[in-house]
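Note sheet for the following structure.
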Number of protein chains: 2
Amino acid sequence: MSHTLGVRQAQKQQSRRALLDAGLLLLEHQNLSSLGVREVTRTAGMSPAGFYRHFRDLDDLGVALVEESLASLHGMITAVLAGEGDAEQLIDRTVEVVARHVREHRAHVRFLARERHGGVQPVRAAITAELDAFTVEVAAALGTQEQSAAWSQADLRMLSGLYVEHLVSTAAAFLEAPGDQPEAEQRIAATARAQLRLISLGRLHWPTA
Amino acid sequence: MSHTLGVRQAQKQQSRRALLDAGLLLLEHQNLSSLGVREVTRTAGMSPAGFYRHFRDLDDLGVALVEESLASLHGMITAVLAGEGDAEQLIDRTVEVVARHVREHRAHVRFLARERHGGVQPVRAAITAELDAFTVEVAAALGTQEQSAAWSQADLRMLSGLYVEHLVSTAAAFLEAPGDQPEAEQRIAATARAQLRLISLGRLHWPTA
DNA sequence: TCATTCAGTAAACAACTGTTTGCCGACTTT
DNA sequence: AAAGTCGGCAAACAGTTGTTTACTGAATGA
């Protein structure tokens, strides 16, 4: 689909990427609301004025980061949920997918966790919107499982909300674990799996009207 | 227990309170990492240098806010969990307590949600520590319930972790709802209750070794 | 009563901030 | 090859920032 941009567009996108990467790097240890334009351009190797060729605001850059942060996760989880296997296997795969996603996109996930309730309204709104859309997707995927075929739409939303919330907090827990210590990661994964198993039991005995 | 402080100590505490309140007010719309000493002292009606008579840092002020933010919640929930009544009643009371706590301590709760994954390490550590302690308390309270008398320590921790995480995200959801619209609050409460009921079902059928 | 303590102040410091301006020079289109 | 587009830059703007300094004056304790 990439239409082989002209040299000019390519260079511009490269600069834009540099700005996004610089932001992502700096946001590892601070909040978006304390980030500075000069700070970002400095670590991106660009003059301060150049920033405004790409973004209106730092909020604008933040919203762009939200979009690319959740892009990859969307499909992965829904694919797992639509996959075959019993509940136990789905749980194992889900937790493994989350763990890998955090490992491979640490900075993005940290950014999301940090700004989800952060002080920048547009970014907060963008994250909430993406997460809501994700919840709807999960609800749809759950609806196709035979286990919850007879569930009402409202109950499916309730359940998918619980799952998404659990997924987010599991990701946050993985973040907290130091990246070089796999035993902590294993402990978090084991707890997450047990919690999902308990929820699964609840599902099994949920009274369908 | 208040030992009728001398006039001097009383005035100092009053100023300290003014600083904490100013911080809390400003943190409603921004992050701790972007808060300024001058900003705080200005809205507290004090000279910038005065700040340092009370706190070393803004991080220091942040940690103080963490402590007073979680002080009240501790007892409330554990009291509910240790109370009488069937599972359904405990769920109703729990959600009601959380809703009221958010209503009455909006600024504190917002601060906790915002800084839990925020950019200021000492504050993040303080919140994590308090929340861990809270999880242990909940696990102990759950252990006394007949429903989970035969559970292992590890499983109790797993379950209380799930409960605390759910409580936190419910509180965050209440925060998002506009304070003047009680119908949104009711919707969130209903969802939270349903999710707790589902977890309760899972508990009931959890295999005890 | 007199000396001491100490919360709060005003002023100064150098360093930093976001944003606008006019400009240059490389790419693009005609 | 000429004209136009436009990403990036240096410089300047008026603010803001954290922190230290020496000080004042009221509460304290002898």
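Lettering of chains follows the sequences in order, A, B, ..., and the numbering in each one begins at 1. Note that this is a predicted model, so its numbers are computed, not measured.
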Quiz item: Checking all strands, does B:Gly50 fall into the base, sugar-phosphate, or nothing category for heavy-atom contacts under 4.0 angstrom?
Solution: base

Self-check item: Heavy-atom donor-acceptor pair, A:Thr135 side chain to A:Gly161 backbone, under 3.5 Å
Solution: no

Quiz item: Which nucleotide in the set D:dT28, C:dG25, D:dA22 lies at the smallest distance from any side-chain heavy atom of A:Arg8?
Solution: C:dG25

Practice problem: Measure from the side-chain N and O atoms of B:Arg110 to the backbone N and O of B:Leu27, and report whether any donor-acceptor pair falls under 3.5 Å. | Solution: no

Practice problem: Specify the separation, in whole Å, of atom CD of A:Gln11 and atom P of C:dC27. | Solution: 6 Å

Exercise. Kindly indicate whether the side chain of A:Leu19, heavy atoms from C-beta on, has any atom under 4.5 Å from the side chain of A:Thr41.
Key: yes

Quiz item: Please give, in whole Å, the distance from D:dA10 P to A:Met46 CE?
Solution: 12 Å

Quiz item: With no hydrogens and no angle check, is any side-chain donor or acceptor of A:Asp60 less than 3.5 Å from a backbone partner on A:Arg56?
Solution: yes

Quiz item: Does OP1 or OP2 of D:dT19 have a side-chain N or O of B:Tyr52 closer than 4.0 Å?
Solution: yes

Quiz prompt | Upstream residue (5' side of DNA chain D) when B:Gln9 and B:Pro48 are each assigned their closest nucleotide | solution = B:Pro48

Self-check item: Pairing of B:Glu165 and B:Arg116 as salt bridge, 4.0 angstrom limit
Solution: yes

Self-check item: All stems with DNA chain C, defined as three or more consecutive Watson-Crick or G-U pairs under 3.5 Å
Solution: C:1-12 with D:19-30, C:14-17 with D:14-17, C:19-30 with D:1-12

Quiz item: When you match B:Phe51 and A:Phe51 each to their closest nucleotide on DNA chain C, which lands nearer the 5' end?
Solution: B:Phe51

Exercise. Between C:dG18, C:dG8, C:dA10, spot the one nearest the side chain of B:Ala49, thanks.
Key: C:dA10

Self-check item: Exam field: side chain B:Glu115 to backbone B:Val66, donor-acceptor pair closer than 3.5 Å
Solution: no

Exercise. Take the protein atom CG of A:Leu61 and the nucleotide atom P of C:dG18, then report the distance between them rounded to whole Å.
Key: 13 Å

Practice problem: Considering only NZ, NE, NH1 and NH2 on the basic side and carboxylate oxygens on the acidic side, decide whether A:Glu96 and A:Arg103 come within less than 4.0 Å. | Solution: yes

Quiz item: Over how many whole Å does the gap from A:His54 atom NE2 to D:dC6 atom P extend?
Solution: 13 Å

Quiz item: Starting at CG of B:Leu35 and ending at P of D:dG18, how long is that distance when rounded to a whole Å?
Solution: 8 Å

Exercise. Starting at atom CG of A:Asp57, determine the distance to atom P of C:dT17, rounded to an integer number of angstrom.
Key: 17 Å

Practice problem: Tell me which nucleotide among C:dT9, D:dT28, D:dG8 gets nearest to the side chain of B:Val7. | Solution: D:dT28

Exercise. Measure from CZ on B:Arg38 to C1' on D:dT20 and round the result to the nearest Å.
Key: 12 Å

Practice problem: Pick base, sugar-phosphate or nothing for B:Arg42, based on heavy-atom distances below 4.0 Å to the nucleic acid. | Solution: sugar-phosphate

Quiz item: Starting at CZ of A:Arg16 and ending at C1' of D:dG8, how long is that distance when rounded to a whole Å?
Solution: 17 Å

